[in-house]
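Below is one structure; the comments refer to it alone.
Just so we're clear, the structure is a prediction, and the values are computed from it rather than from any experiment. Below, each value reflects all heavy atoms present in this structure, side chains not excepted, and no hydrogens, waters or symmetry copies.
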Amino acid sequence: CFHRVFRIPPRAIFTDRDPNVESVLEGFCGTGGAWEGCLHAFCIWHLSKNFYEHLRKLFLGDKNAQAWSKVLDPFWKLAKDTVVRARLTFDRRWGELVALTEETATDCDQQQLHTELDWLRRLGEKKQQFAACHVWAVFTSGVKSTQRVEGMQRALRLAAPGRRCEPWARATRFERR
């Protein structure tokens, strides 16, 4: 739909890391795709929410959240560091974050810890899609999240209260009015 209307591929598109959307965009933004060269970036708000959902439970025994803060603070520093030369040390610093998470987790079994550390390692491998030192190489007008889309979806829900359907179907009905 977007492609047919605007006909010019976007320089960047931000998503919430939905696996289905990621799969489609890999083909669309990849070599030979209709939006070849378009950066598929992750919404920083959704990313922080996922970070919390995956890792906070490892620190439930942490009184005063001191151990959790030791993990959360470096995550934000890595995610928001806009200095281009931070790319040179990102992998090392991400590895330190993974090790710190493993060392300071207070409330989990080994299987759960292993699962969440794997998630954290895989996230670090996608640094070009969320770390500001990579993402900011593409002009995004300062956009770092999907907040505008979230607002549009809310408006569509309010325009058609009580109806349960996908946002794209709502938008199509909304445009027909």
N/O donor to acceptor pairs below 3.5 angstrom from side-chain atoms of residues 64-73, sequence neighbours left out:
from  : atom 1 : to    : atom 2 : distance (Å)
Ser69 : OG     : Ala65 : O      : 3.0

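- Taking all atoms of both residues into account, the shortest heavy-atom contact from Gly124 to Phe90 is O-CE2, 4.0 Å.
- The side-chain heavy atoms of Leu39 and Cys29, taken from C-beta on, include no pair separated by under 4.5 Å.
- Taking 4.0 Å as the cut-off between side-chain N and carboxylate O, Glu125 and Arg121 do not count as a salt-bridged pair.
- Residues His134 and Gln128 approach most closely at CB-CA, 3.7 Å, considering heavy atoms.
- Arg11 forms no cation-pi arrangement with Phe139, by the criterion of a distance under 6.0 Å to the ring centre and an angle within 45° of the ring axis.
- The local environment of NZ in Lys57 is crowded, with over 12 non-hydrogen atoms from other residues, nucleotides or ligands closer than 6.0 Å.
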Which atom pairs, one a donor and one an acceptor, fall under 3.5 Å between side chains of residues 79-89 and the rest of the protein, sequence neighbours left out?
from  : atom 1 : to     : atom 2 : distance (Å)
Asp81 : OD1    : Val83  : N      : 3.1
Arg87 : NE     : Cys133 : O      : 2.7
Arg87 : NH2    : Cys133 : O      : 3.1
Thr89 : OG1    : Ala86  : O      : 3.4
Thr89 : OG1    : Arg93  : NH1    : 3.3

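- Between the side chains of His40 and Gln129, at least one donor N or O lies within less than 3.5 Å of an accepting N or O.
- Salt-bridge check for Lys126 with Glu22: passed, with a basic side-chain N closer than 4.0 Å to an acidic carboxylate O.
- Summarising the geometry, atom CG belonging to Leu113 is positioned 9.5 Å from atom CG belonging to Asp118; distances are rounded to the nearest 0.5 Å.
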For the pair Phe130 and Trp94, evaluate ring pair (Phe, Tyr, Trp, His ring centres under 6.0 Å) and give the outcome as yes or no after the intermediate values. CA-CA 13 Å; Phe130 74 89; Trp94 193 265; 5.6 Å; yes
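- Every residue meeting the side chain to side chain contact (heavy atoms under 4.5 Å, CB included) condition with Glu53, not counting sequence neighbours, appears here in chain and number order: Lys49, Asn50.
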